[in-house]
Amino acid sequence: MNEKFIEERKAALEARRDELKKELNTSADQIAENDYDAKFIDLGDKDDENAAEVAMFEKNLSMEKTLEVSLYNVNKALKKINEGNYGICEKCKSLIKPDRLKAFPSATACMKCKEKLL
Ligand SMILES: [Zn+2]
């Protein structure tokens, strides 16, 4: 893989990381560098208010989980770039196809291994 390709993936990953952090901030509170807790919004003490609070919290929680996993994967890919082992399948150690990395820069497994997991 050439350096330019990796630089482009790095830029894409960094943009994605900022995006994810922004999205996370709307549904969660940051409690550590890469750790978030779903927001709980206090609307009041009435039954319907409590029900709305729970519904909102559940929505935030599922969103927070999805976003947090994505952020984790993006950070992991950026770490791999720094360590010089970006684009290597974690399962079979073969090179992940550039097309796959273009479409999905945080991919950690090649298509073959990914299909086996599904
Ligand atoms: Zn593989």
Side-chain angles (χ1 to χ4, degrees):
M1 243 177 301
N2 64 51
E3 247 171 69
K4 188 171 172 282
F5 181 84
I6 292 182
E7 277 305 312
E8 282 168 8
R9 300 290 75 71
K10 193 180 173 187
L13 285 163
E14 281 171 348
R16 183 77 187 119
R17 183 184 59 192
D18 294 344
E19 227 172 79
L20 285 166
K21 283 192 171 179
K22 222 183 273 171
E23 282 177 57
L24 268 164
N25 280 325
T26 66
S27 62
D29 296 312
Q30 189 169 8
I31 51 169
E33 173 61 20
N34 289 305
D35 201 1
Y36 291 81
D37 264 350
K39 267 191 183 126
F40 187 87
I41 295 151
D42 196 355
L43 298 172
D45 294 324
K46 290 189 197 114
D47 279 351
D48 60 334
E49 288 166 341
N50 287 339
E53 282 169 6
V54 169
M56 218 187 303
F57 181 69
E58 276 171 1
K59 198 174 139 247
N60 281 348
L61 195 63
S62 74
M63 194 140 80
E64 183 250 16
K65 270 190 192 146
T66 311
L67 293 170
E68 209 173 61
V69 169
S70 300
L71 183 64
Y72 174 81
N73 288 328
V74 165
N75 280 325
K76 198 159 81 168
L78 284 167
K79 194 166 163 255
K80 280 173 189 283
I81 290 177
N82 286 334
E83 290 168 349
N85 53 14
Y86 178 69
I88 298 166
C89 174
E90 282 185 344
K91 306 274 178 251
C92 69
K93 309 289 172 209
S94 69
L95 288 173
I96 302 170
K97 287 206 171 75
D99 282 352
R100 176 160 162 72
L101 291 171
K102 249 185 209 171
F104 188 39
S106 60
T108 54
C110 71
M111 218 46 214
K112 250 189 233 163
C113 292
K114 183 82 190 170
E115 273 163 14
K116 263 183 239 167
L117 289 174
L118 293 173

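What you see is a predicted model; the values in this text were computed from it and never measured. Just follow the structure's listing: the first ligand is 1, and inside any ligand the first atom is 1.
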Engineer: Quick one: are Leu95 and Cys89 in side-chain contact, heavy atoms under 4.5 Å?
Structural biologist: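 Result no, sub-4.5 Å side-chain heavy-atom pair not found.
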Engineer: State plainly whether the residues Lys10 and Glu3 are in salt-bridge range, i.e. N to O under 4.0 Å.
Structural biologist: no
Engineer: What protein N, O or S atoms come within a distance below 2.8 Å of the Zn ion (ligand 1), ordered by chain and number?
Structural biologist: Cys89 SG, Cys92 SG, Cys110 SG, Cys113 SG
Engineer: Would you say Glu53's side chain and Met56's backbone share a donor-acceptor pair under 3.5 angstrom?
Structural biologist: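 The answer is no, because no donor-acceptor pair under 3.5 Å joins these two groups.
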Engineer: Do Glu14 and Lys21 sit within salt-bridge range, that is, some charged N less than 4.0 Å from a carboxylate O?
Structural biologist: no
Engineer: Listed by chain and number, what are the ring pair (Phe, Tyr, Trp, His ring centres under 6.0 Å) partners of Phe5, not counting sequence neighbours?
Structural biologist: none
Engineer: Could you tell me whether Glu7 and Lys4 make a salt bridge, using a distance below 4.0 angstrom between a side-chain N and a carboxylate O?
Structural biologist: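 Lys4 and Glu7: not salt-bridged.
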